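On a predicted model such as this, the values are computed, not experimentally measured, just so you know. Lettering of chains follows the sequences in order, A, B, ..., and the numbering in each one begins at 1.
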2 protein chains.
Amino acid sequence: MGFQERKRQILKLLDKQESMEVQEIADALGISAITIRRDLQQLSEEELLIRTHGGAMKAPPKSPFTAFADKENVAVARKKQIGKLAATLVKPGDTIFMDCGSTVFTMCPHLKHITPLRIITNSLPIVAAFMEVEDIHVNLIGGELDKQRKAIHGERAVKHIESYHAAKAFIGADGLSARNGLTAFSETEAGISRAMIASANAVYLLCDSTKIGKDSYLKFAPLSDITALVTDPELPATQAAALKKKELKIYS
Amino acid sequence: MGFQERKRQILKLLDKQESMEVQEIADALGISAITIRRDLQQLSEEELLIRTHGGAMKAPPKSPFTAFADKENVAVARKKQIGKLAATLVKPGDTIFMDCGSTVFTMCPHLKHITPLRIITNSLPIVAAFMEVEDIHVNLIGGELDKQRKAIHGERAVKHIESYHAAKAFIGADGLSARNGLTAFSETEAGISRAMIASANAVYLLCDSTKIGKDSYLKFAPLSDITALVTDPELPATQAAALKKKELKIYS
DNA sequence: ATAGAAATGATTATATTTGATCGAAAATGA
DNA sequence: TCATTTTCGATCAAATATAATCATTTCTAT
């Protein structure tokens with residue numbers, strides 16, 4: 001068994017075990033502890049795991065192109081549910097806006113068979129997701145690359161969106177409340193969302209229940225701007241009631 | 001069994017096995033280990049697998065952005081030379097256009113330390129290449145996604161380029177001759193190149209020697225539009241002379 | 001058919017990798 | 001705090017893989 005192969009094995013073991021001791025790994029692979037130590041050193045230099053005294057721990061998930069940053073990894077299951085549900089609102093032949101949030105991204109796997117479809121987006125992970133899909137046409141919004149969010153932002157991007165029209169827009173938000181409507185962390189992202197809202201017939205807000213009833217710092221759109229909220233079933237009844245009172249339609 | 005056939009077989013084996021040792025492959029194909037080693041070296045240069053001490057591993061699934069189509073794999077070494085040379089023309093603080101050709105792409109590794117830098121491009125592989133580079137600012141041209149070329153094309157993309165200005169443009173071509181100037185296969189790509197030429201102070205054409213003296217079907221720019229040609233040292237003297245006669249500067 | 005080119009295989013010298021040993025450093029428990 | 005135990009890092013020797021060189025075979029074009 002070669003060097004690289006062993007590295008893979010170690011990582012695979014760690015994937016299940018969360019953390020392991022040197023001797024434990026050595027026994028599992030039938031190889032001397034000193035060699036395992038060398039491997040661990042290299043792997044930790046590559047930041048594929050965390051070296052500890054006597055062993056190693058699983059590395060915090062790295063973000064390649066398609067992955068999202070750490071903060072996004074909360075409530076993954078909930079987001080996936082939302083993505084699946086939101087995808088049912090899309091029909092073959094639609095033209096849709098999709099913004100760069102991680103919740104919106106979870107729609108992608110469910111969209112692949114709703115063809116033909118035209119997607120206008122500023123999100124690079126979304127572009128990557130449809131790279132191999134024949135009948136989905138992608139229009140990528142141009143502008144400044146935001147490396148952290150893996151998306152395109154800026155004034156030019158807003159202009160770009162304004163020159164298009166779509167039947168439906170799927171957007172995210174960092175907070176949603178009956179009182180303050182849609183709120184966001186980031187000014188630039190909010191600008192994109194606003195532009196999409198303005199250019200779409202129907203606007204669907206994808207927002208998991210943990211964000212509902214909470215406000216982020218920037219108000220960027222009133223509740224009346226959105227056609228419906230798509231969320232998960234764990235939305236507390238009191239929150240649901242408050243939103244319905246404002247005549248907001250809710251899918252969950 | 002020919003050389004190409006063997007390569008295919010090796011890749012097929014690896015597809016199932018995840019990783020194999022040299023001797024293992026040699027036995028499976030009934031061929032000497034030394035030859036397998038040579039094959040593996042070539043295959044790893046083409047990035048179709050990962051060479052390890054004692055064997056090889058399946059190539060990691062390429063990110064949908066970084067991979068180029070197969071036809072690009074010809075003349076890899078030549079292209080890399082050109083990329084390295086062209087990168088020396090870039091200075092810290094520059095704003096540059098880069099088009100979506102594979103030759104232009106080879107500049108990327110050499111640009112990572114020329115900072116700060118501002119790159120305006122329609123190429124997704126280039127965007128991916130600089131995703132993790134702090135001091136390189138990327139402006140992605142917006143428009144229709146061309147999945148095959150992993151680039152953005154279309155009328156909107158041309159408009160986008162026209163609204164910017166850059167000190168230098170680095171572009172490719174499918175053919176170059178003293179008689180017909182720059183030629184291309186694809187109408188849409190030619191449109192992008194033309195727009196970049198029009199909005200840059202200096203235009204550098206990156207073109208490997210196999211394409212020089214040949215014409216593709218669409219003439220898209222005269223020789224006088226380009227500041228200099230960057231090519232490899234294998235350019236035949238007769239071709240070089242013909243181009244120099246037209247007052248074209250050549251780096252090789 | 002034959003010369004030249006390319007691919008393959010064998011051999012040897014060089015590189016890497018592996019495992020062992022031992023002194024130094026770090027963790028553990030009183 | 002100190003002593004004990006464990007782990008770590010460096011150096012060395014053995015095993016193994018590789019690169020380089022050359023001879024042989026196979027293919028190609030005339």
Side-chain angles (χ1 to χ4, degrees), chain A residues 1-14 17-59, chain B residues 1-60 70-71 73-81 208-210 213-214 232-238:
Chain A
M1 177 172 41
F3 172 68
Q4 307 283 352
E5 170 65 9
R6 213 171 41 233
K7 273 188 177 176
R8 259 184 6 91
Q9 301 250 18
I10 292 173
L11 290 172
K12 207 160 78 183
L13 281 171
L14 269 175
Q17 299 269 80
E18 204 67 37
S19 90
M20 292 186 80
E21 292 180 9
V22 170
Q23 197 53 55
E24 211 178 335
I25 302 173
D27 292 346
L29 302 183
I31 214 138
S32 79
I34 176 72
T35 301
I36 296 297
R37 255 187 236 114
R38 268 191 284 243
D39 291 347
L40 293 184
Q41 158 137 25
Q42 293 194 29
L43 287 167
S44 79
E45 274 167 17
E46 293 171 45
E47 302 191 339
L48 297 170
L49 52 72
I50 300 204
R51 189 76 170 86
T52 65
H53 218 82
M57 281 166 51
K58 201 192 319 199
Chain B
M1 176 172 41
F3 174 68
Q4 303 289 344
E5 171 63 11
R6 211 172 44 234
K7 272 189 177 176
R8 261 187 2 92
Q9 300 250 20
I10 292 174
L11 290 172
K12 207 161 78 184
L13 280 171
L14 268 175
D15 215 36
K16 295 181 203 143
Q17 298 269 85
E18 202 68 36
S19 91
M20 293 185 79
E21 293 180 10
V22 170
Q23 196 53 56
E24 213 177 333
I25 302 174
D27 292 347
L29 302 184
I31 212 138
S32 78
I34 176 73
T35 300
I36 296 297
R37 255 185 232 116
R38 271 191 281 244
D39 291 348
L40 293 184
Q41 161 139 25
Q42 292 193 30
L43 287 167
S44 82
E45 271 167 20
E46 292 172 45
E47 302 192 340
L48 298 171
L49 52 72
I50 302 217
R51 189 76 170 85
T52 67
H53 226 83
M57 284 168 55
K58 203 197 306 202
D70 286 342
K71 71 142 196 164
N73 276 338
V74 292
V76 183
R78 257 197 280 262
K79 287 182 180 181
K80 284 185 180 165
Q81 272 186 300
D208 68 78
S209 57
T210 63
K214 309 222 168 98
D232 57 88
E234 278 154 77
L235 177 65
T238 56

Q.
Both Gly55(B) and Arg37(A) contact DNA chain D. Taking the nearest nucleotide for each, which residue is further toward the 5' end?
A. Arg37(A)
Q: Please determine, for the side chain of Thr35(B), which listed nucleotide (dT8(C), dA20(C), dT7(D)) has the closest atom?
A: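 The answer is dT8(C).
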Q. Counting side-chain heavy atoms from C-beta on, which of dG19(C), dT18(D), dC8(D) comes nearest to His53(A)?
A.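 Among the listed nucleotides, the one closest to the side chain of His53(A) is dC8(D).
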Within this structure, what is the [atom1]-to-[atom2] distance between [X] and [N], rounded to whole angstrom?
| X | N | atom1 | atom2 | answer |
| --- | --- | --- | --- | --- |
| Lys7(A) | dT17(C) | NZ | C1' | 13 Å |
| Arg51(A) | dT6(D) | CZ | C1' | 13 Å |
| Ile36(B) | dA19(D) | CD1 | P | 14 Å |
| Glu45(B) | dT18(D) | CD | P | 15 Å |
| Arg6(A) | dA17(D) | CZ | P | 13 Å |
| Ile34(A) | dT6(D) | CD1 | P | 17 Å |
| Leu40(A) | dT7(D) | CG | P | 13 Å |
| Gln23(A) | dT5(D) | CD | C1' | 15 Å |

Q) Any side-chain heavy atom of Leu29(B) sitting closer than 4.5 Å to one from Leu13(B)? A) yes
**Q.** Sub-4.5 Å side-chain heavy-atom contact between Leu40(A) and Ile25(A)
**A.**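 Yes, at least one pair of side-chain atoms sits under 4.5 Å.
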Q. If you pin Ala33(B) and Gly30(A) to their nearest nucleotides in DNA chain C, which one's is more 5'?
A. Ala33(B)
(Q) Just to verify, what does Arg6(A) make a salt bridge (charged side-chain N to carboxylate O under 4.0 Å, His left out) with, not counting sequence neighbours? (A) Asp39(A)
Q) Is dA7(C) syn or is it anti, if syn means the base angle is within 90 degrees of 0? A) anti
Q) How many angstroms lie between atom CD1 of Ile10(B) and atom CD of Glu5(B), to the nearest 0.5 angstrom? A) 10.5 Å
Q: Please give the angle, rounded to 10 degrees, between the axes at the start and the end of the helix from dT16(C)-dA15(D) to dA30(C)-dT1(D), where five pairs define each axis.
A: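 Rounded value for the end-axis angle: 20°.
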Q) Quick one: do the Glu46(B) and Gln42(B) side chains pair a donor with an acceptor below 3.5 Å? A)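 Per modelled atom types, Glu46(B) and Gln42(B) side chains form no pair under 3.5 Å.
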(Q) Test your reading of the model: is there a side-chain donor-acceptor pair from Thr52(A) to the backbone of Gly55(A), 3.5 Å cut-off? (A) yes
Q.
At less than 3.5 Å, do the side-chain atoms of Arg38(B) and the base atoms of dG9(C) form a donor-acceptor pair?
A. yes
**Q.** Partner of Lys58(A) by side chain to side chain contact (heavy atoms under 4.5 Å, CB included), out of Gln17(A), Glu18(A), Met20(A)
**A.**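 The passing option is Glu18(A).
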